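Below: one structure, written as structure tokens.
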Protein chains: 2
Amino acid sequence: MSQHRPGSTSGPAGAVPALPDLPEATVARLPEYLRALHHCAETGYETVSSEGLAAAAGVNSAKLRKDLSHLGSYGTRGVGYDVALLIDQIEYVLGLTQRRAVALVGVGNLGHALAGYDGFASRGFHVVALFDADPATIGERIHGLQVRHIDELPAVAAETAIAIGVIATPAAAAQAVADQLVAAGVTSILNFAPCVLSVPPNVDVRKVDLAIELQILSFHEHRKSTLTALPGGRAAGTSGQEAVGS
Amino acid sequence: MSQHRPGSTSGPAGAVPALPDLPEATVARLPEYLRALHHCAETGYETVSSEGLAAAAGVNSAKLRKDLSHLGSYGTRGVGYDVALLIDQIEYVLGLTQRRAVALVGVGNLGHALAGYDGFASRGFHVVALFDADPATIGERIHGLQVRHIDELPAVAAETAIAIGVIATPAAAAQAVADQLVAAGVTSILNFAPCVLSVPPNVDVRKVDLAIELQILSFHEHRKSTLTALPGGRAAGTSGQEAVGS
DNA sequence: CGCGATTTGTGCACGTCTTCACAAGCGCCT
DNA sequence: AGGCGCTTGTGAAGACGTGCACAAATCGCG
Ligand SMILES: NC(=O)c1ccc[n+]([C@@H]2O[C@H](COP(=O)([O-])OP(=O)(O)OC[C@H]3O[C@@H](n4cnc5c(N)ncnc54)[C@H](O)[C@@H]3O)[C@@H](O)[C@H]2O)c1
Ligand SMILES: NC(=O)c1ccc[n+]([C@@H]2O[C@H](COP(=O)([O-])OP(=O)(O)OC[C@H]3O[C@@H](n4cnc5c(N)ncnc54)[C@H](O)[C@@H]3O)[C@@H](O)[C@H]2O)c1
């Protein structure tokens with residue numbers, strides 16, 4: 001980086017409180033870089049080039065370099081990036097240095113799978129509570145956690161700060177659950193129900209909708225089939241690897 | 001639309017083969033509009049204004065109008081959009097007029113939930129086959145479908161054209177499964193495993209990664225907490241409703 | 001020590017997406 | 001028929017994201 005003043009705002013030594021405000025698109029890619037870096041670390045690499053890491057993360061190398069440059073200069077020219085250092089940096093920026101508590105609401109079909117997902121713990125998240133409204137499921141024990149009634153949410157939230165609420169209820173109940181989560185002080189929600197949630201502006205909502213993904217694929221499938229039926233029938237797909245988020 | 005020549009390429013009467021090539025961002029929002037429209041139809045609305053539909057879909061009304069304008073002019077000024085007509089149009093563009101066959105590979109924790117998901121059928125998709133590699137799960141019957149060995153995929157694909165393959169195996173197996181799907185002629189893949197897939201350019205891949213969503217939420221949580229700790233402690237969130245996609 | 005090979009960090013140009021603002025069109029009421 | 005209010009469709013401008021291409025920096029080696 002061009003700035004190289006000694007004890008300034010974002011010095012790399014020790015705790016670095018000043019978060020550079022990253023482009024949203026960059027934030028969305030950092031977790032992918034992190035996963036690729038962990039893969040590198042397990043394979044024994046000490047350093048990676050932007051080219052190598054970009055390939056592992058499925059992105060353009062220039063894009064990766066620009067993304068990483070936003071966090072500061074943690075690479076060495078002619079060598080590459082120090083894997084361990086970069087992991088630490090990204091984990092710090094993403095706020096993964098503290099283990100975040102996750103509450104799951106709606107322990108049905110999908111909820112059961114989520115509750116037992118080990119990908120939570122391995123990425124710095126900790127499922128601390130399961131909630132449902134159905135008396136039949138309440139009391140059930142899943143992976144050491146007992147399903148509690150949704151009305152106990154305020155009590156649980158009072159003793160353990162819940163960082164993220166996950167909604168896996170039917171769409172009809174999702175808004176009510178979101179309201180309860182917000183009332184309990186939750187400011188980040190991951191919503192699996194196919195509906196839009198209305199929340200205060202300080203609350204972040206992200207949605208995962210399987211049907212939408214399928215319909216987007218369906219569109220491209222449709223386009224491909226009508227294209228190949230036309231005269232200049234080159235079966236030109238969009239791009240080999242497509243982004244999820246965006 | 002401004003063009004109004006009688007028997008031209010994209011006349012609204014009958015089958016409309018010419019697909020206008022929509023911006024990718026628009027395609028990603030169409031399913032959300034479709035869901036909102038179905039909701040309107042069930043509530044008894046005959047027409048909706050762009051304002052009303054936009055609110056139901058959680059987007060800006062100008063954006064919605066521009067998106068819809070790409071499919072042609074299906075609104076009436078001073079009135080709004082005909083709900084039923086617009087549903088038909090969007091479903092046509094997304095290729096949902098034909099029911100698409102879905103094959104699910106990996107019937108574990110997550111796979112069980114997906115196999116029993118009724119949101120598939122209600123949106124024009126039909127799960128036609130379940131595959132796994134574990135002898136213990138093969139033969140199991142889920143919602144009327146029997147789990148078959150992954151090696152039977154070519155045989156199944158030969159008798160039923162598979163439009164979309166869903167991968168719900170561990171990450172280590174995902175690439176191999178993707179290769180098998182591609183070899184069987186599948187050109188659209190939805191991947192739940194946290195890894196990048198390498199596929200030929202004519203194959204579309206979309207990824208759903210729970211951990212990435214959580215980490216993005218974690219970032220904003222982190223940013224919020226450091227912001228409120230600073231002097232001008234306005235707890236200014238990003239936006240009330242955040243996009244899922246890109 | 002100097003030089004070449006290598007790789008980062010970034011200025012710049014380009015494309016895409018979003019948002020505003022408003023003319024054009026439609027229906028209804030008088 | 002004419003006018004008025006409402007809503008769509010769209011040009012234009014700005015914000016944002018992407019990718020090229022290259023200077024600057026670093027390492028290894030002779
Ligand atoms: N099953 C899937 O594979 C899948 C995939 C994508 C999205 N989804 C969506 O995820 C959601 C859950 O799907 P599912 O298949 O698990 O449904 P499900 O009916 O099996 O489970 C829903 C659970 O939510 C509980 N619930 C209902 N109202 C509640 C409330 N007010 N408070 C707390 N809990 C409440 C129910 O008791 C039930 O246990 C749905 O919105 C569905 O559309 C499911
Ligand atoms: N469980 C969740 O809530 C969840 C959430 C998000 C993402 N994921 C991801 O989804 C994937 C599946 O998760 P899970 O919890 O269901 O795991 P799981 O271990 O319960 O199930 C995986 C299944 O895939 C089968 N399988 C393994 N190799 C195979 C192969 N080569 N061909 C066919 N089938 C094969 C296994 O036999 C098993 O039945 C993982 O990649 C996981 O990271 C899971």
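When reading the values below, keep in mind they use all heavy atoms of this one structure, side chains included, and skip hydrogens, waters and symmetry mates. Chain letters run A, B, ... following the sequence lines, proteins first and then strands; every chain starts at 1. These numbers come from a predicted model, not from an experiment.
A:Ser50 and A:Tyr81 make their closest contact through CB-CE1, 3.9 Å (heavy atoms, listed as atom of the first residue, atom of the second, distance).
C:dT8 atom C1' lies 13 Å from atom CG of A:Leu86, rounded to whole Å. Taking atom CZ on A:Arg65 and atom P on D:dA25, their separation rounds to 16 Å, with Å as the unit. Rounded to an integer number of Å, the gap from CG of A:Leu30 to P of D:dG17 is 13 Å. Going from atom CD of B:Glu51 over to atom P of D:dT8 covers 8 Å, rounded to whole Å. Taking atom CG of residue A:Leu68 and atom P of nucleotide D:dT18, one finds them 14 Å apart after rounding to whole Å. Residue A:Glu24 contributes atom CD, which lies 15 Å from atom C1' of D:dA15 at whole-angstrom precision. Atom NZ in A:Lys66 sits about 12 Å away from atom P in D:dC20, given to the nearest Å. A:His70 places its NE2 atom 10 Å from the C1' atom of D:dG17, with the value rounded to the nearest Å.
The number of heavy atoms from other shown groups lying within 6.0 Å of OH (B:Tyr45) does not exceed 12.
OP1 or OP2 of C:dT8 sits under 4.0 Å from a side-chain N or O of A:Ser50. OP1 or OP2 of C:dG9 lies within a sub-4.0 Å distance of a side-chain N or O belonging to A:Ser73. Residue B:Tyr81 places at least one side-chain N or O under 4.0 Å from the OP1 or OP2 atom of D:dG9. Side-chain nitrogen and oxygen atoms of A:Arg29 include at least one within less than 4.0 Å of the OP1 or OP2 phosphate oxygen of D:dT18. Residue B:Ser49 places no side-chain N or O under 4.0 Å from the OP1 or OP2 atom of D:dT7. Considering only side-chain N and O atoms, B:Lys63 lies under 4.0 angstrom from the phosphate OP1 or OP2 of C:dT19.
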Exercise. Check the pair A:Leu96 / B:Phe219 against side chain to side chain contact (heavy atoms under 4.5 Å, CB included), numbers first and verdict last.
Key: CA-CA 8 Å; A:Leu96 302 177; B:Phe219 168 81; over 6 Å; no
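Distance from the side chain of A:Arg77 is smallest to C:dG9 among D:dG9, C:dG9, C:dC17. Side-chain atoms of B:Ala25 lie closest to C:dC17 of the nucleotides D:dG9, C:dT8, C:dC17.
In this structure, CG on B:Leu94 lies 11.0 Å from CG on A:Leu217, to the nearest 0.5 angstrom.
With respect to the salt-bridge test (charged N to carboxylate O, under 4.0 angstrom), the residues B:Arg29 and B:Glu32 do not qualify.
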